[in-house]
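Residue numbers start from 1 in every chain, and the chains themselves are labelled A, B, ... in the order their sequence lines are given, proteins ahead of strands. For clarity, every value in this text was computed on a predicted model and none was experimentally measured.
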2 protein chains.
Amino acid sequence: MPDRGERIIESDDLRKVGLKVTHPRMRILDILSNAPKKHMTAEDVYRELLEQGDDIGLATVYRVLNQFETAGIVVRHHFEGGQSVYELDHGGHHDHMVCVETGKVIEFHNDQIERLQREIAEAHGFELKDHSLVLYVRPKRSKA
Amino acid sequence: MPDRGERIIESDDLRKVGLKVTHPRMRILDILSNAPKKHMTAEDVYRELLEQGDDIGLATVYRVLNQFETAGIVVRHHFEGGQSVYELDHGGHHDHMVCVETGKVIEFHNDQIERLQREIAEAHGFELKDHSLVLYVRPKRSKA
DNA sequence: TTGGGTGCAAATTGTTTGCAATTGT
DNA sequence: ACAATTGCAAACAATTTGCACCCAA
């Protein structure tokens, strides 16, 4: 099976963006790559590190995540509820759907919506630089 | 000209939702109704109150805005950049476009996008409860 | 009168930063 | 060796909360 853009990020990717290959950075990359949840808060990552026996400070987690964001290795999202959530940036842009009951995050992409957004911005004399779309959903009731 | 849903919110609206008609609440409603910016942060409202000579605490502004949100009198948005912004809820739903250069906020509504969102949620076995769409734009360059 | 409302200061929450010690290269 | 990186604690920013006093109903 051809890998669908799920390329694993490794040491070279860090060097490439001018970041030294340190233990904390590699561990955080590993967590982000292998964790069951693709979208994690800084605290999530921190707790996971502790559980795996790594003694890395929360401040470092924040610093590293910021550097990764700047380097384009992770994307930061601001869903409702204060904390930022981070996810590895595998390239393909997508939007999110958050289940308000389970908290589960589903990714999706819709070309038509993307195009409409661009058109709307244009129509108002603007150029679309970026956007944020989050659908808050709940499981379709069987009959309730 | 028929008023296009720009109904002014008054004392009765507060009583209706079980909130006493107090000076701070009325003043904040007034600011929200007559301010040049329709989208304000708690600090924006607070500063405006001070400028108008009202001596109302910042904590009260936050408390009142929260009560208003719960009561459905205002809507709270989380654009990029920490602070929450509030705007009077005049009923009609709309999304936002934020100019990353001037900070200006433009409202828009697009039925097609609304419909697509509902369809996407359905297609994933969910029911759309709410959504948040913000376009980050910049003035279309003349030639730069 | 009286329970909700307010101001102020102190407490929280999420995140950033200063600095001395540590570590990749 | 030397600059980059980390850990820890202190600093921050936005928002919330405890409590004694105050005011709308």
I'd like to check the side-chain hydrogen bond (donor to acceptor under 3.5 Å, both in side chains) partners of [X]; sequence neighbours left out, ordered by chain and number.
{"X": "Glu101(B)", "value": "Arg138(B)"}
{"X": "His131(B)", "value": "His93(B), Asp95(B), Gln117(B)"}
{"X": "Glu127(B)", "value": "Arg141(A)"}
{"X": "Gln67(A)", "value": "Arg25(A)"}

Task: Length of the CZ-P vector between Arg47(B) and dA14(D), whole Å - done: 10 Å

Open item on the list: By the ring-ring contact (aromatic ring centres under 6.0 Å, His included) test, which pairs, at least two apart or in different chains, include something from residues 43-64 of chain A?
Closed with: none

Open item on the list: Considering only residues two or more places apart or on different chains, which pairs with a residue in residues 12-41 of chain A satisfy ring-ring contact (aromatic ring centres under 6.0 Å, His included)?
Closed with: His39(A)-His96(A)

- [ ] Could you tell me whether the side chain of Asp30(A) and the main chain of Arg27(A) form a donor-acceptor pair under 3.5 Å?
- [x] no

TODO: At the 4.0 Å heavy-atom cut-off to chain B, mark where contacts on DNA chain C begin and end, going 5' to 3'.
DONE: dG3(C) to dA9(C)

Open item on the list: Which Ile, Leu, Val, Met, Phe, Trp or Tyr residues join Tyr136(B) in one cluster when any pair of side-chain heavy atoms under 4.5 Å counts as a link?
Closed with: Phe79(B), Val85(B), Val98(B), Val100(B), Val105(B), Val134(B)

Open item on the list: Let me check the geometry of the helix from dT12(C)-dA14(D) to dT25(C)-dA1(D). What is the bend angle between the axes at its two ends, five pairs each, to 10°?
Closed with: 30°

Task: Set of residues satisfying ring pair (Phe, Tyr, Trp, His ring centres under 6.0 Å) with respect to His124(A), sequence neighbours excluded - done: none

- [ ] Sugar-phosphate means primed atoms, P, OP1 and OP2; the rest is base. With that split, encode nucleotides 2-7 of chain D 5' to 3' as B, S or - using protein heavy atoms under 4.0 Å.
- [x] -BSSBB

Determine all donor-acceptor pairs shorter than 3.5 Å in which one atom belongs to a side chain in residues 68-76 of chain A; sequence neighbours excluded.
residue  : atom : partner  : partner atom : Å
Thr70(A) : OG1  : Asn66(A) : O            : 3.0
Arg76(A) : NE   : Ser84(A) : OG           : 3.2
Arg76(A) : NH1  : Asn66(A) : OD1          : 3.3
Arg76(A) : NH2  : Ser84(A) : OG           : 3.4

